[in-house]
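Worksheet for the structure shown next.
Quick caveat: nothing in here was measured; it's all calculated off a predicted structure. First the proteins, then the strands, lettered A, B, ... as listed; each starts at 1.
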2 protein chains.
Amino acid sequence: MLNNYSNEDKVLLAVDCIIFGFEKDQLKILLIKRDFEPEKGKWSLIGGFLKKNETLDQAGNRVLKHLTGYDNIYMEQFNAYSEVDRDPVDRTISVSYYALINIETHSALEEQYAAQWFAIDDIPKLIFDHDIMVKHALNRLRYRATHKPIGFELLPEKFTMKQLQKLYESILNTKLDKRNFTSKINGLDILVKLEEKDMNSSRKGSFLYMFDETKYKKKVEEGFTFKI
Amino acid sequence: MLNNYSNEDKVLLAVDCIIFGFEKDQLKILLIKRDFEPEKGKWSLIGGFLKKNETLDQAGNRVLKHLTGYDNIYMEQFNAYSEVDRDPVDRTISVSYYALINIETHSALEEQYAAQWFAIDDIPKLIFDHDIMVKHALNRLRYRATHKPIGFELLPEKFTMKQLQKLYESILNTKLDKRNFTSKINGLDILVKLEEKDMNSSRKGSFLYMFDETKYKKKVEEGFTFKI
DNA sequence: TCAAAAGTGTTTGCCATACACCCATGA
DNA sequence: TCATGGGTGTATGGCAAACACTTTTGA
């Protein structure tokens, strides 16, 4: 006998994305104004429905590509939400992803869509259970960013030590000591210090760095583990 | 206009459970022999389909209750699996949970169902993508057990320091130093040392301990964080 | 010459690790 | 009395945290 599962209930599966960015020393998330009922006009995460012939990761990528035009965005699934009435229209389970993008290379987002960046401690009330999703996403990001070198996804390719520090400060919601941070990062030995300086922030200028992914991967193979 | 999502695809949602237990100094998982096609007779995780009017947590609890008769089992959701062909019968997305049970109080499981405990480094080939689920569950358990006092879920109410050490050794897949382990645990100050001894393992007998959940919660409120 | 940010080392305390002997008991 | 597992303390090294002054440069 071939069981065909025909008596089982089918449901809608949505993918919702918490898109993180970093700008003006602040961690931000991208929200859109929902343009259909229910909750039309309210702020919402970016999302979409899973289609029959794609995986959740593919659906997440599709949603992100539709919004940004890019399809190599860092993304991690973190939780499924399934309260029976979480979406008043129809029974919908949502699998949530957080994504990290470099705001500078996606600067056209805000005009193209009714999208807007919000600093993480200034987020408006969101529809459905999206508030709790954001909270969970941030927890996951905090953990991941201290254990894997994903923070660089949020920065331009070339960045200063100060930018990196501010990034971690805003992800972790703490102040860090400049000297300790610098020596910790240098100790990791996965950045390239460029000759070039960023002259925007001071007269003296500050050296730019790049993440050396090749070196990082080589070190991982040799047993290195990233930890901040 | 009220959007009714009517053009979207619906899918089956399954819940699969990795049930961990601890017996004879070994971390184990409970598997069943699948009794319907496809893959009938192969080893499989315990699972079930999400019903229209329940949450994923409720579905997980239902599956566990059906198997064990208990419904207060520690359980944590950890990932959704969505490869298009992961289940050959129909498009099915699986949300996976790991659960921790005390084997002693559920000793009848093996006979009641075609279920069997397998030591984690002696697990047979499983159906579908269940192998990878087990691997991910173990990773999550390793993380969680070092950050929250959930290991006790796997032990009898009263346990010896040695049992606790062996438990952590098998979860973390390492050897631990007896003196260091003991003083670390005692330093946490969340166990009650009983007057009672376990006389089964030696002539001298070894003191029994209990997890003091009330004390733990009080300490957490005061800023304590569990860490092993 | 001054204001503003960049860059740089040392000291301290704590925690993780390594390590070995005596104790209690029943056979 | 002996074999078996239970129970206990100290010394060391490494890492995290605290901390302040000099440098550079354009205005």
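- The ring of B:Phe128 has its center no closer than 6.0 angstrom to the ring center of B:Tyr81.
- Between the side chain of A:Lys204 and the base of C:dA6, at least one donor-acceptor pair of N or O atoms lies under 3.5 Å.
- In terms of position along DNA chain D, the nucleotide closest to B:Thr160 lies nearer the 5' end than the nucleotide closest to the other residue of the pair B:Ser183 and B:Thr160.
- Residue order along DNA chain D, read from the 5' end via each residue's closest nucleotide, puts B:Gly205 first among B:Gly205 and A:Lys197.
- Ring orientation note: the planes of A:Phe118 and A:Trp43 are nearly perpendicular, at an angle over 60° on the 30°/60° scale.
- Within the nucleic acid shown, B:Lys162 comes within 4.0 Å of sugar-phosphate atoms alone, with no base atom in reach, counting heavy atoms only.
- Heavy-atom distances to DNA chain C give each of A:Arg203 and A:Met161 a nearest nucleotide, and the one nearer the 5′ end belongs to A:Arg203.
- D:dT23 atom P lies 16 Å from atom CZ of A:Phe207, rounded to whole Å.
- Taking atom CD1 on B:Ile228 and atom C1' on C:dT17, their separation rounds to 16 Å, with Å as the unit.
- If you measure from atom CG of B:Asn186 to atom C1' of D:dG7, you get 11 Å, rounded to the nearest angstrom.
- None of A:Phe226, A:Phe22, A:Phe159 except one satisfies the ring-ring contact (aromatic ring centres under 6.0 Å, His included) rule with A:Phe152; the exception is A:Phe159.
- When atom types are taken as modelled, the side chain of A:Glu153 and the backbone of A:Ile73 share no donor-acceptor pair closer than 3.5 angstrom.
- Aromatic ring pairs are classed by plane angle as parallel below 30°, tilted from 30° to 60° and perpendicular above 60°; the pair A:Tyr98 and A:Phe20 is perpendicular.
- Separating the CD atom of A:Gln165 from the C1' atom of C:dA6 is a distance of 12 Å, rounded to the nearest angstrom.
- Following rounding to the nearest Å, A:Met199 (CE) and C:dA4 (C1') show an atom-to-atom distance of 13 Å.
- Proximity of A:Ser201 to the phosphate of C:dA6: a side-chain N or O atom is located under 4.0 Å from OP1 or OP2.
- As a whole-Å value, the separation of A:Lys178 NZ from D:dT22 C1' is 11 Å.
- If you measure from atom CG of B:Asp198 to atom C1' of C:dG26, you get 15 Å, rounded to the nearest angstrom.
- Atom CG of A:Leu176 and atom C1' of D:dA17 are 12 Å apart (whole Å).
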